[in-house]
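As the structure lists them, so they are numbered: ligands from 1, and atoms in each ligand from 1. All values below come from the heavy atoms of this structure, side chains included, with hydrogens, waters and symmetry mates left out.
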Amino acid sequence: MPRETMKAKRERALAVAERMNEHYPAAECALHYWGDPFRLTIAVLLSAQTTDKGVNKVTPALWERYPTPADLAAADVRDVEDIIRTIGFYHTKAANIIKCARIVVSEYGGEIPRDMDELQKLPGVGRKTANVVLNEAFGIVEGIAVDTHVFRIAHRLKFAGPSADTPAKTEDALLKLYPRECWGPINHQWVLFGRETCIARKPKCAECFVCDLCPSCGKA
Ligand code: SF4
């Protein structure tokens, strides 16, 4: 592919966004959180290296046992481990979510802060998680949550170059490319697209609805 100008890349990026809107008009967060920002934060922490489905299976029992941040803050780590033991890294995650609950209670009066920097002070919360929480729970869009799907798709679509080799650099590349109104939808749409079509091991290019816009399209 000849070198693409920024203008051409932006146009291609917008065309991808339009197709995503057509295919995923109502994409939403797959994690169950009952409209509660604290529960969402914990669910996102639990979802690292595991499936959203797996998290959704354990959270009803977790919230039944510990309905409030103060309840979770006072929990015994072994009891929490028992509840979440079907998900990956449950041992570390149990300790982390209790620590997170303690800080939310002691520093933030039991409420998840609505601020990117403050959110990242919570144990286990990085920029990706903070982006998801701000966007989903508060409707605040400050960036794009670059998880494994968004990272892979950004690179396959060549919206991020080889030097954008971290989630932070990939997020920067996407933020430069897309206008702000596209940032929120990307968070949900690209995750679905990455699970269904542009899958990690073998992308389904033959049935991909952005194949004509993708430099990596492997359609025969
Ligand atoms: S054409 Fe293939 S590589 Fe490109 S976005 Fe679609 S599935 Fe992914």
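Checking side-chain atoms of Asn56 against main-chain N and O of Ala30 turns up a donor-acceptor pair under 3.5 Å. Looking at Arg12, its side chain does come within 3.5 Å of a backbone N or O of Leu157 through a donor-acceptor pair. A donor-acceptor pair under 3.5 Å is absent between the side-chain atoms of Arg195 and the main chain of His149, judged by distance alone.
Under 2.8 Å from atom 2 (Fe) of ligand 1 lies an N/O/S atom of Cys205, whether from backbone or side chain.
The proximity of Phe209 to ligand 1, defined as any non-hydrogen pair under 4.0 Å, does not occur for either the backbone or the side chain.
Ring geometry for His32 against Trp34 counts as perpendicular: the plane angle is over 60°, on a 0 to 90° scale with 30° as the lower cut. Taking the six-membered ring where the residue is Trp, Phe159 and Tyr178 present perpendicular rings, their angle passing 60° and hence far from 30°.
Ranking the protein heavy atoms by distance from atom 6 (Fe) of ligand 1 puts Cys208 SG, 2.4 Å first. When only non-hydrogen protein atoms are considered, atom 8 (Fe) of ligand 1 lies nearest to Cys198 SG, 2.4 Å. Nearest protein heavy-atom contact of atom 4 (Fe) of ligand 1 is Cys214 SG, 2.3 Å.
Short contacts between ligand 1 and Pro203, defined as distances under 4.0 Å to a heavy atom of the residue, involve ligand atoms 2 (Fe), 7 (S). Close approach of ligand 1 to Arg156 (heavy-atom distance below 4.0 Å) involves ligand atoms 3 (S). Distances below 4.0 Å separate heavy atoms of Cys217 from the following atoms of ligand 1: 1 (S). Under a 4.0 Å criterion applied to the non-hydrogen atoms of Phe193, ligand 1 contributes the atoms 5 (S), 6 (Fe).
Side-chain N/O atoms of His23 and Gln189 include no donor and acceptor closer than 3.5 Å.
Of all heavy-atom pairs between Cys205 and Cys211, the closest is O-SG, 3.7 Å.
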